[in-house]
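Input: a single structure, listed below in structure tokens.
Start at 1 and go down the list; that is how both ligands and their atoms are numbered. What's counted below: heavy atoms across the whole structure, side chains too, no hydrogens, waters or symmetry copies.
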Amino acid sequence: MPVGALQTLNRVIWGRCLLKAGSQSCRCDVNWHLRRFHGSPKDDIKSLRAVLNPDISKIRNIGIMAHIDAGKTTTTERMLYYSGYTRALGDVDDGDTVTDFMAQERERGITIQSAAVTFDWKNHRINLIDTPGHVDFTLEVERALRVLDGAIAVFDASAGVEAQTLTVWRQAEKHHIPCVCFLNKMDKPTADLQFSIESIRLKLKANPVVLQFPIGSGKNFTGVVDLLTNQKLTWKPTSTRDDGRTFEVKHLDRSDDPELLQAAKEARAALIEQVADLDDKFAELLLTNYGDNFDGVPANLLQEAVRRVTLARKGVPVLCGSSLKNKGVQPLLDAITAYLPNPNERHHDLVCWYKEDLCALAFKVLHDKQRGPLVFLRIYSGTLKAQTAVHNINRNSTERMSRLLVPFADQHVEIPSMSAGNIALTVGLKQTVTGDTIVSSKASAAAALRRAQNDGGVGKKRGGQADIILSGVEVPDPVFFCTIEPPTMAKQADLEFALNCLQREDPSLKVRVDPDSGQTVLCGMGELHIEVLHDRIRREYGIETQLGPLQVAYRETILQQVSTTDTLDRTVGSRRHAASVNLTVRPVDMASCEVAFTEELQEQISAEIKEAVENGVQSSYLQGPLLGYPMKGVSTLIHSISVEPGTSPAMVSACVSRCMLKALRLAGGQVLEPVMSLEVTLGEEHLSSVLGDLAQRRGTVRDIQTRHDNKVLLATVPLAEMMGYSTVLRTVTSGNATFSMELDAYEAMNPQEQSALLKRMSGLM
Ligand code: GDP
Ligand code: MG
């Protein structure tokens, strides 16, 4: 098999990235309206009175996380409506919600981009970051999470904790984000409070602190009992409207159903005991003042204790309701303000180096036809002012911000300045890419770096800049790729421009161009990810593109340790370049690849040669010897390198690369394939056909669980076998199944599969 030819093919795929960040403004539409705050007409939408900077203690930067279809969008819409910022109830099923603003989201009924919306609730400013629920977009979730101070997890109360929520929950845990749980869809006949609470305990390994219980079930779900206050909250349709805006609040008393009273008494006692176990201060108060008489424990003391428990992540408050039926959303809003932290109560590392200077993180870029790129910033310290220049540390560039907006519900309100803790939308930042750190000036960045270095030498250890940049989002390796072609060559520039804009919005999209054929290659996180990008290029940029077949992004590794030597001696013109190297490659149990020098060598060689050697090794990691896929889990040790005077660094790199190729080939190539963990929820009657299908896909079943009338199938399956799975699953189960999957690990492909893959790839030549 012609290995060289295969490498050419793979250079098509993994060739250098030619697209550079552009500075023109893009062409798509963001259908939001701009309103200047001094000129807002007085209508029945809440007048935008509180647009000026609220006190930081009143700010809540909150995300909503949920499995797809749990009701995140519906819940967000209800919040906006009750807070008074939207006139009509948006409905995902009619496709007219505020947050799902992209056309595909409306069609597919899913939330892809995290959009931030701002509204006020009882003297608090709530900035809601809508995080996407689909597994292909976990990077968006990750990015959104780091600008949040707290989160709400929305669950379908008939399904409990589902796969995607588990992923997002783990991410929230990583960032120590306090959470509140909302058990939605209590109106469904299959809704089950106890089951959902258990699944929070078992699957999320969290400690649910149940603050409410439902009154009635299914169609007769009318409201909740608030265990803190001992009140009954009931939503009753009035003759004029059924939007849930008004509800009745009544203290439980003897006129109530004795069973309900008894249940409330027991649940409240259990809550008090649980909170006392988790919070020493509350336990002490309880012992000294109330003894066994829990009836006398005031709601505010209990609430303060629940707040401490939530902030310490010792427990998660659990509320319930039905967003679609307009029940239970106002108490959820109250819970956001009561239990989730304000920006001052969260520790954001690195920000301390900036003191009172501006420090902000760009967490989202959108492109607008008229205004060009719109950048969402989370401000961590200092003040952001309109019409000023700001410095982007990642790009090392200073650019001027023209306007500053607050994304109030479905309109943008222009304001002159904004202070720490807030979320701002800026116009005019053309260089900024999602994940960049924005400060007031280069001098301010330098001052922060000095402070970081003086304080314990953190800055020195990891080398300069990195320590004053708000840690960016780790972009995972793309698992899929395919070629993309414009309809005509004349459209190539437009396509590059569109991809440019999309990459600035979404760093998980990688674009590469083959230097030989000029073919453009998209690399993404999943089928849906690439499909959505394809769609957006058509809709937002008006380019009809052709996608090549979707291919799996494999990795390569080696099987054994090998040492080799190589010498390169070449005369170019009158100059002689000569170098020889001796190195060892060995397989290591690591996701990445590394290069090291022997201690002796480390001291002998110059920085220039060292860099040239490193470049040579790194470039051979980019293309494995087998199929040209990037390598994983290889460690290279350089024993010796000798270089004749006059040899260029490029020749040193070339010598090392050649030696590496030799070593890697001798070390035995192994293809690594992405293996996904899969969760399918389906009716029992379809179980055997789905299992049969999975067996053909080289799937391994890990567990089959029962959830009400459904089965939940947990399995691992190689990604290569999962193309088009949603269509197949739909057909096999007549649409009665849902699934989600995420990357589990890269695993060694078995020898038969690997040789079949090598054959297929050579057949492509
Ligand atoms: P998301 O995917 O989490 O954003 O969920 P959506 O808000 O788009 O809702 C998914 C589906 O569930 C839609 O058909 C909603 O109408 C429905 N839904 C949302 N909330 C409720 C609820 O409280 N009860 C019931 N029965 N259905 C709901
Ligand atoms: Mg949604």
Listing, residues 208-220 side-chain donor-acceptor contacts under 3.5 Å, not counting sequence neighbours, or none:
residue: Gln212; atom: OE1; partner: Cys320; partner atom: N; Å: 2.8

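In this structure, the ring-ring contact (aromatic ring centres under 6.0 Å, His included) partners of Phe247, at least two apart in sequence or on a different chain, are Trp235.
Polar contact with ligand 1: present for Leu324 (N/O pair, distance under 3.5 Å). Where the criterion is an N or O separation shorter than 3.5 Å, residue side chain and backbone included, Asp187 meets it with respect to ligand 1.
Using a 4.0 Å cut-off between heavy atoms, Thr73 contacts ligand 1 through both its backbone and its side chain. Heavy atoms of His67 found under 4.0 angstrom from ligand 1 belong exclusively to the backbone. Contact annotation: for Lys188 versus ligand 1, heavy atoms closer than 4.0 Å belong to the side chain alone. Residue contacts with ligand 1 for Thr74 involve both N, CA, C or O and side-chain atoms from C-beta outward (heavy atoms, distance under 4.0 Å).
Taking every non-hydrogen atom of Ser322 and a distance limit under 4.0 Å, the qualifying atoms of ligand 1 come out as 22 (C), 23 (O), 24 (N). When each atom of ligand 1 is checked for a heavy atom of Ser323 under 4.0 Å away, the hits are 23 (O). Listed by atom number, the atoms of ligand 1 under 4.0 Å from Gly71 heavy atoms are 1 (P), 3 (O), 5 (O), 6 (P), 7 (O), 9 (O), 19 (C). Which parts of ligand 1 touch Asp69 is read off a 4.0 Å heavy-atom cut-off, strictly below it: atoms 1 (P), 2 (O), 3 (O), 5 (O), 10 (C), 12 (O).
With Tyr81 as the aromatic partner, Arg245 meets the cation-pi criteria of under 6.0 angstrom to the ring centre and within 45 degrees of the ring axis.
Aromatic ring centres of Phe155 and Phe182 lie farther apart than the 6.0 Å criterion allows.
Ionic pairing of Asp243 and Arg78 is not present here: no N-O contact between side-chain nitrogen and carboxylate oxygen is shorter than 4.0 angstrom.
Ile530 is listed as a side-chain neighbour of Leu547, based on a closest heavy-atom distance under 4.5 Å.
Rounding to the nearest 0.5 angstrom, the gap separating the CG atom in Leu533 from the CG atom in Leu502 is 6.0 Å.
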